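Below is one structure, written out as structure tokens; the observations come after it.
As the structure is a prediction and not an experimental result, all values here were calculated from the model. Chain naming here is simple, since letters A, B, ... match the order of the sequence lines and numbering starts at 1 in each.
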There are 2 protein chains.
Amino acid sequence: MSSDASEELSTYVVSVDCVIFGYMHNAIMVALLMRAEEPFADCWALPGGPILAGESPEQACLRKLEEDIGLKVEYLEQLYTFGAPGRDPRKRAFSISHFALIEDTERPLIWGQDSRTAQWFHIDKLPSSDWAFDHENIVQKALQRLRGKLSYEPIGLSLLPEEFSLPELKNIYDVILGKELDRRNFYKKIKATGLLLPTQTIPSTRGKPTQLYRFDRKRYAQLKEEGFAFEI
Amino acid sequence: MSSDASEELSTYVVSVDCVIFGYMHNAIMVALLMRAEEPFADCWALPGGPILAGESPEQACLRKLEEDIGLKVEYLEQLYTFGAPGRDPRKRAFSISHFALIEDTERPLIWGQDSRTAQWFHIDKLPSSDWAFDHENIVQKALQRLRGKLSYEPIGLSLLPEEFSLPELKNIYDVILGKELDRRNFYKKIKATGLLLPTQTIPSTRGKPTQLYRFDRKRYAQLKEEGFAFEI
DNA sequence: GCAAAAGTGTTCCCGTTACACCCATGT
DNA sequence: ACATGGGTGTAACGGGAACACTTTTGC
């Protein structure tokens, strides 16, 4: 029944998968589900599922994430399409994988009935085994994209709430890049973009109150059109 | 017969498409085929086709390009997967699009029987209409990738033959970036990488002979592992 | 001997880096 | 009053940009 290597594909399936990054407890976390069913029962997998007739792959992701996982997505982009033969033992399967960032939250994950559980994993403490399909590769690719894009696109801001402080933002850069940046230089650079609008100050846990900012998305979109390059 | 927007997909097709860039006559060119059949007969389309059972999307591209178009591919990477509803009037179609570079050649394109003709287009003089499907978008996305990657990956070298001169290489950067770089600074930078091995000198059309170089791929692969960043 | 193309070296400037001090508050 | 976290200014350095001249050959 399995077809010859040089035949056209007969049965196959296309779905979306999504690597979701969140920032919580001062760390970057990835959402993984434990599968309840074969193949790969009790293995860690990315949230995802089929694409419906009326929706684009991106819309399928958004639907899946907001409905099934209960997350509001701040940033979403296509990552890569995995489609090597044998990646799904049942039949040829194409996964249009995506890269998503969600706003800062401490809320635990909810999950659909096709999973046993769902959990946030620290990106430095991912499961070392028990991965479903090639999902470990997908997460690795997403991590590369996260690290690569951080410095020349304002994606760090998508991990924070609407109003945020500079110490928080710097911490995101620190933990994603894996090294501590210089506070003064970081503040200087990010302020020099002119894209941070001060909103209010709030009391700090200890010491001087903290200035909060809002990211000027409109102006950023405008400047981007004109060829402005965000860079930290 | 067409399904409801919220239904699962019933019939759909997955294929690969390929944006092929070549360097010839001191310009960057894209290969396009004119379709012979409906839909979009007599419209310009990217080379591409179905994926066979035993091959990955990337392998499908390589096969298609080498067999049907007669091109030896120097560089190939996945670009983006297009899959919005309605992009193919017949049925839901996913196109895993790719980005390819071929070695310098003046050889005209050959083409398969499903096309009327094939032609190299100067990237600044693409067809303004008569595009098949969403292939104009795909080409635009590939151009963005080309321009974006040029400065931090040695893809310019993939457009040249094994042995090449610095003036040639600089010209590639000039035409892709759309501005003339400073010759001295360019040579300085590219030489500073230590990745160019001088091979021989050949007579120039006029004036001083030209030094040819070879790119040290092995050493580049090695340095890349160690975190070295190519940058021009 | 001159035009055309290849090749090299130096200066200047701005942006990045490195670094030390003051401020405001809670305890 | 002091410890803690928030915030700022400056000097040194280095890489990129700007720039002019020499070399070699074909005609």
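Here dA5(C) presents its P atom at 11 Å from CG of Asn26(B), a figure rounded to the nearest Å. Rounding to whole angstrom units, CD of residue Glu231(B) and P of dA17(D) are separated by 10 Å. Atom pair Ile202(A):CD1 and dA24(C):C1' shows a separation of 14 Å (rounding to whole Å applied).
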Considering only nitrogen or oxygen atoms on both sides, find all protein atoms under 3.5 Å from nucleotides 23-27 of chain D and state each distance.
residue: dT24(D); atom: O2; partner: Lys208(B); partner atom: N; Å: 2.9
residue: dG26(D); atom: N2; partner: Arg206(B); partner atom: NH1; Å: 3.3
residue: dG26(D); atom: N2; partner: Arg206(B); partner atom: NH2; Å: 2.6
residue: dG26(D); atom: N3; partner: Arg206(B); partner atom: NH1; Å: 2.6
residue: dG26(D); atom: N3; partner: Arg206(B); partner atom: NH2; Å: 3.4

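Judged as a ring-ring contact (aromatic ring centres under 6.0 Å, His included), and not counting sequence neighbours, the contacts of Tyr80(A) are Phe82(A). Qualifying side-chain contact (heavy atoms from CB on, under 4.5 Å) partners for Ser115(A), counting only residues two or more places apart in sequence or in other chains: Leu33(A), Trp111(A). Checked against salt bridge (charged side-chain N to carboxylate O under 4.0 Å, His left out), Asp174(B) has the following partners two or more places apart in sequence or in another chain: Lys170(B). Not counting sequence neighbours, the partners of Arg63(B) by the salt bridge (charged side-chain N to carboxylate O under 4.0 Å, His left out) test are Glu55(B). Remark: Asp42(B) engages Met34(B), Arg116(B) in a side-chain contact (heavy atoms from CB on, under 4.5 Å) (not counting sequence neighbours).
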Review item, side-chain donor-acceptor pairs of residues 207-232 of chain A, under 3.5 Å, at least two apart:
residue: Gln211(A); atom: NE2; partner: Gln200(A); partner atom: O; Å: 3.3
residue: Asp216(A); atom: OD1; partner: Arg219(A); partner atom: N; Å: 3.1
residue: Arg217(A); atom: NH2; partner: Glu74(A); partner atom: OE1; Å: 3.3

Identify each donor-acceptor pair in which a side-chain atom of residues 127-134 of chain B lies under 3.5 Å from a protein atom, sequence neighbours left out, and give them as a table.
residue: Trp131(B); atom: NE1; partner: Pro127(B); partner atom: O; Å: 2.9
residue: Asp134(B); atom: OD1; partner: Arg87(B); partner atom: NE; Å: 3.3
residue: Asp134(B); atom: OD1; partner: Arg87(B); partner atom: NH2; Å: 2.8
residue: Asp134(B); atom: OD2; partner: Arg87(B); partner atom: NE; Å: 2.7

Could you go through residues 18-29 of chain A and list every donor-acceptor pair under 3.5 Å that involves a side-chain atom there, pairing it with any protein atom two or more places apart or in another chain?
residue: Tyr23(A); atom: OH; partner: Asn26(A); partner atom: OD1; Å: 3.3
residue: Tyr23(A); atom: OH; partner: Asn171(A); partner atom: OD1; Å: 2.6
residue: His25(A); atom: ND1; partner: Glu106(A); partner atom: OE1; Å: 3.1
residue: His25(A); atom: NE2; partner: Glu106(A); partner atom: OE1; Å: 3.0

Please report, to 0.1 Å, the donor-acceptor pairs under 3.5 Å made by any side chain of residues 138-161 of chain B, with sequence neighbours excluded.
residue: Arg145(B); atom: NH1; partner: Glu77(B); partner atom: OE2; Å: 2.6
residue: Arg145(B); atom: NH1; partner: Gln78(B); partner atom: O; Å: 3.1
residue: Arg145(B); atom: NH2; partner: Leu79(B); partner atom: O; Å: 2.9
residue: Arg147(B); atom: NE; partner: Ile176(B); partner atom: O; Å: 3.0
residue: Lys149(B); atom: NZ; partner: Glu77(B); partner atom: OE1; Å: 2.6
residue: Lys149(B); atom: NZ; partner: Glu77(B); partner atom: OE2; Å: 3.4

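Within residues 184-191 of chain B, the residues having any heavy atom closer than 4.0 Å to DNA chain C are, in order of number, Arg184(B), Tyr187(B), Lys188(B), Lys191(B). The stretch residues 161-172 of chain A touches DNA chain D through Pro167(A), each having a heavy atom under 4.0 angstrom from the strand.
The shortest non-hydrogen separation linking Ser204(A) to Arg206(A) is OG-O, 2.5 Å.
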